[in-house]
Amino acid sequence: MRLPVAASAPGKVILFGEHAVVYGRPAIAVAIALRARALLVPSDRLRVCGRERGGSAYVWAALRRLWDGPAVDLKIASDIPSASGMGSSAAVSVSSVASILLSRSEFSVERVAREAFEVEFGVQGRASPTDTSTSTAGGAVVISPRWEGERLWEIRKGKKRWRISRVQIPEIPLVVVLSGRRSDTGKMVARVARALERNPSLWSVIDSIEDLVREAIGPLRRGDLESLGELMRENQRLLRELGVSHPVLERIIEALEPHVYGAKLTGAGGGGSVIAIPRDRKKAVDAALRAGFRVVSTSMSPTGVRQERV
Ligand code: PMV
């Protein structure tokens, strides 16, 4: 056993396809340059961030699932705003799992992706592997029932199957604006499930999101910002129809509109963040700030999970 060990993993934003991906449809996500770090050290009792109870449910779930050694303390530090649709819980799950596997010399990127998905699924009750696989892989990732680029791995849960592929894309400029409202992934996923049950015609919205995601892969590879912005606007319209937008998200989008190619909520919605492709970054950021919102300055990250020096 090797202790102490440390690992880190990036947050992510979903560019296209959230919610539909829960139903086995494709989504595209990119890792961002904000990270969570996990440090695993010997301890007198099993602890998370120095405490015997409380703290992140994801870290406890990772320990319960994978740890069977002597007492340790798994400490987390993260620069990713939580409950904001930026993949904070996935980055915490991925870095926790990675530190545990590193300590046992069982680390492989694919194993981390699988275990971290199980950890997140266990805590949230339902989830797709979008966040955990993007955080593990880094770069731009397509989650789809079929292979869409360089094959990374396949994840199954019950009858569902997701194939995770990497796509090579140029750097896409992004502005992320925080709404200041929590986004509760479990609650929003359950809301969509209820809406689809009550109103089966909403399945056509899920179908349209699927078409749109497939259409976005070409412009993404080419870095065609004009087309991507148009597709973002369309994706936001469909998410609104699904009932996962929120007036505060619409206010952000309206404030950004004159300065961006397109903007949409990212992640589960109901709060969380808006992503936009800026025509003029400074003007877009100023508009969001003037409207009273926090802006996260970040970029895409090619680096997924990695070991850190202790
Ligand atoms: O809120 P986030 O960033 O965890 O994204 C959730 C994305 C959903 O498609 C709504 C759920 C999922 O697990 O894919």
Side-chain angles (χ1 to χ4, degrees), residues 9-32 34 36 56-58 61 78 80-94 113-114 116-137 141-145 155-158 160-164 174 176-196 202 205-206 208-210 212-213 235-236 238-246 249 264-275 296 298:
K12 66 91 205 25
V13 290
I14 298 179
L15 294 181
F16 299 103
E18 48 273 271
H19 286 291
V21 71
V22 174
Y23 300 94
R25 312 302 177 90
I28 305 170
V30 293
I32 54 173
L34 298 174
S56 167
Y58 298 94
S78 173
I80 309 161
S82 64
S84 63
M86 295 172 80
S88 144
S89 60
V92 166
S93 304
V94 169
R114 287 183 193 292
F117 167 65
E118 292 295 338
V119 165
E120 210 182 46
F121 192 93
V123 175
Q124 293 180 356
R126 45 187 130 188
S128 75
T130 308
D131 290 20
T132 41
S133 276
T134 307
S135 177
T136 304
V141 163
V142 183
I143 295 85
S144 172
I155 290 186
R156 289 168 186 258
K157 191 80 192 173
K160 290 181 189 155
R161 180 183 75 178
W162 293 273
R163 287 178 164 166
I164 320 291
L174 284 177
V176 184
V177 182
L178 300 185
S179 71
R181 245 185 93 85
R182 280 182 73 79
S183 172
D184 181 333
T185 306
K187 191 175 112 190
M188 298 312 288
V189 169
R191 179 185 291 186
V192 172
R194 273 199 310 275
L196 288 167
L202 274 182
V205 175
I206 301 283
S208 301
I209 294 178
E210 170 166 11
L212 180 150
V213 171
N235 199 163
Q236 174 63 21
L238 294 165
L239 288 165
R240 209 178 285 139
E241 261 186 71
L242 271 187
V244 297
S245 191
H246 184 275
L249 300 172
K264 62 179 273 294
L265 70 86
T266 186
S273 313
V274 165
I275 52 167
V296 181
T298 189

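Throughout, numbering of the chain's residues begins at 1 and tracks the sequence. Please read these numbers as outputs of a predicted model, since none were measured by experiment. Numbering of ligands and ligand atoms starts at 1, following listing order.
- A90 and T132 make their closest contact through CB-N, 3.8 Å (heavy atoms, listed as atom of the first residue, atom of the second, distance).
- The shortest N or O to N or O distance between A268 and ligand 1 is under 3.5 Å.
- At least one heavy atom of K12 sits closer than 4.0 Å to an atom of ligand 1.
- Separation of atoms CD (E18) and CD1 (I209) is listed at 7.5 Å; rounding is to 0.5 Å.
- Between the choices I14, V244, T130, the shortest heavy-atom distance to atom 7 (C) of ligand 1 belongs to I14.
- Counting all heavy atoms, side chain and backbone alike, P81 lies closest to S88 at O-CB, 3.6 Å.
- Near G267, with a cut-off below 4.0 Å to any heavy atom, the atoms of ligand 1 are 1 (O), 2 (P), 3 (O), 5 (O).
- Per-residue contacts place E18 under 4.0 angstrom from the following atoms of ligand 1 (heavy atoms of the residue considered): 9 (O).
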Let's go through S245 and L239 carefully: what are the C-alpha distance in whole Å and the side-chain angles of both, what is the deciding distance for side-chain contact (heavy atoms from CB on, under 4.5 Å) to 0.1 Å, and is it a yes or a no? CA-CA 6 Å; S245 191; L239 288 165; 5.8 Å; no

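- Residue-ligand proximity: H19 is placed with a non-hydrogen atom under 4.0 Å from ligand 1.
- Among protein heavy atoms, atom 11 (C) of ligand 1 sits closest to V22 CG2, 3.7 Å.
- Residue D131 has at least one N or O atom closer than 3.5 Å to an N or O atom of ligand 1.
- Interface atoms of ligand 1 facing V21, defined by a heavy-atom separation under 4.0 Å, are 9 (O), 14 (O).
- In this structure, CZ on R191 lies 4.0 Å from CE on M188, to the nearest 0.5 angstrom.
- Taking only nitrogen or oxygen atoms, main chain and side chain alike, S128 reaches within less than 3.5 Å of ligand 1.
- Using a 4.5 Å heavy-atom threshold, the side chains of V213 and R25 count as separate.
- Between the side chain of H19 and the backbone N or O of A268, at least one donor-acceptor pair lies under 3.5 Å.
- The heavy-atom pair separating Y23 from I206 by the smallest distance is CD1-CD1, 4.3 Å.
- The atoms of ligand 1 that sit less than 4.0 Å from any heavy atom of G85 are 3 (O).
- Considering backbone and side-chain N/O of T185, one or more are found under 3.5 Å from N/O of ligand 1.
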